[in-house]
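Take a look at the structure set out below.
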There are 2 protein chains.
Amino acid sequence: MSTNTASEIKMTWQIGERMYILGIDPGLSRCGYAVIEAAPRGKGKAVAMGVVTTPPAMETPKRLALLRTDLQELLAEYRPAAVAVERIFFYKNRSTAVGVAQASGVILAEAIASGATAIEYSPSEIKAVIAGDGTADKKQMQYMVQTLLNLKETPKPADAADAAAVALCYLAYNPARKNVSTPLGLK
Amino acid sequence: MSTNTASEIKMTWQIGERMYILGIDPGLSRCGYAVIEAAPRGKGKAVAMGVVTTPPAMETPKRLALLRTDLQELLAEYRPAAVAVERIFFYKNRSTAVGVAQASGVILAEAIASGATAIEYSPSEIKAVIAGDGTADKKQMQYMVQTLLNLKETPKPADAADAAAVALCYLAYNPARKNVSTPLGLK
């Protein structure tokens, strides 16, 4: 008899069961998202990709509240097992970095509140995992995302492709497996 | 007959009616809060002051979710008309600034979702409004907070006193008035 907790069970992918990962490229003006269905060997299937935008002229608290509502809708619709978010660093884009960090805070808190696992990956980590090179450029990344998702062309818009890379990074660390049952303590 | 909207009416303080302002000194490890009841002439009465803490060893998304829950409880208990939050700048405390910005994002989004007004004030603005000097030191600020709240001693802990200063800054801009009715278009 398994004594796994609900969250541990959720992490174990089974044949015929859909496990969704929500990848997020956080932002206040544009927040890219990608819902990826886990497939074996670190691959995935794009289920939904898009960008949540908020009006630049609107006050920041209201923009954050809009983002919160949109994210709650995404979480309710797809019920992702995990939400993977690109980590913010302060040294780049200083002028917009506070807004991006505030947006990522809202996203991470909502993800946990929805019952999902939530995790942040740094840009260089995502590049290293997806393209095998922490300094990979945008083109290399888009090519890898296209390949891993088995798409005919580069996913657009760029924010959504970036979000897909974050979700695929999560899947690389937590691949879907064909286990019918998982030994206790193993993931 | 008044055609004021609900939110405009909420901003108009009336005799016998309690209007609460929630001031927040945002943080992930320690988040100071102060619930201040509006009193005439920019003064206020301290209703509740404290600090929301989250365990440093816990992962950031879970800490943000804890903060979210605690804030929702504060908002539900006091139903503040406004939530005033100290604005984050990136040049100071770079190592903790992302976490502070993420925390402030959660707070601002929850504030709006609760139906409150939400606003950010910069540290120098708060100092200028409360102590008449944008470079006022901690001691001057604590003295002014103590005076404006008519307290016998300096409010503690320091994070809660800082949060009270943010709430009092809001009240300085939006003073409680003894209006029984407010002409349309005036606040």
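Owing to the predicted nature of the structure, the values given are computational and were not obtained by experimental measurement. Chain identifiers are assigned alphabetically (A, B, ...) following the order of the sequence lines, protein sequences preceding nucleic acid strands; residue numbering begins at 1 within each chain.
In the hydrophobic clustering of this structure, B:V51 does not group with B:M58; members are Ile, Leu, Val, Met, Phe, Trp, Tyr whose side-chain heavy atoms approach within less than 4.5 Å, directly or through other members. Residues B:V83 and A:V106 share a single hydrophobic cluster, defined by chaining ILVMFWY side chains whose heavy atoms lie under 4.5 Å apart. Both A:Y173 and A:L148 are assigned to one and the same hydrophobic cluster, defined by single-linkage of ILVMFWY side chains at heavy-atom distances under 4.5 Å. A single hydrophobic cluster is not seen to contain both B:V35 and B:V166; linkage of ILVMFWY side chains at heavy-atom distances under 4.5 Å, directly or through other members, places them apart. When the side chains of ILVMFWY residues are joined at heavy-atom separations under 4.5 Å, either directly or via intervening members, A:L168 and A:M141 end up in a single hydrophobic cluster.
Heavy atoms closer than 4.5 Å to chain A are found in both the backbone and the side chain of B:A118. Heavy-atom distances place no part of A:A103 under 4.5 Å from chain B, backbone and side chain included.
The choice from A:E59, A:E110, A:K62 that makes the most heavy-atom pairs within less than 4.5 Å of chain B is A:E110. For chain A, the option among B:I112, B:I107, B:V100, B:T60 with the highest count of heavy-atom pairs below 4.5 Å is B:I112.
Proximity to chain A at a heavy-atom threshold of 4.5 Å picks out B:L64, B:A65, B:R68, B:Q72 from residues 63-76 of chain B, in numerical order.
For B:D137, the CG atom counts as densely surrounded, since its 6.0 Å shell holds more than 12 non-hydrogen atoms of other residues, nucleotides or ligands.
Residue pairs meeting the salt bridge (charged side-chain N to carboxylate O under 4.0 Å, His left out) criterion with at least one member in residues 121-135 of chain B: none, sequence neighbours excluded.
Between A:A101 and B:Q102 the shortest heavy-atom distance is O-CG, 3.2 Å. Closest approach of A:P61 and B:L108 over heavy atoms only: CG-CD2, 3.9 Å.
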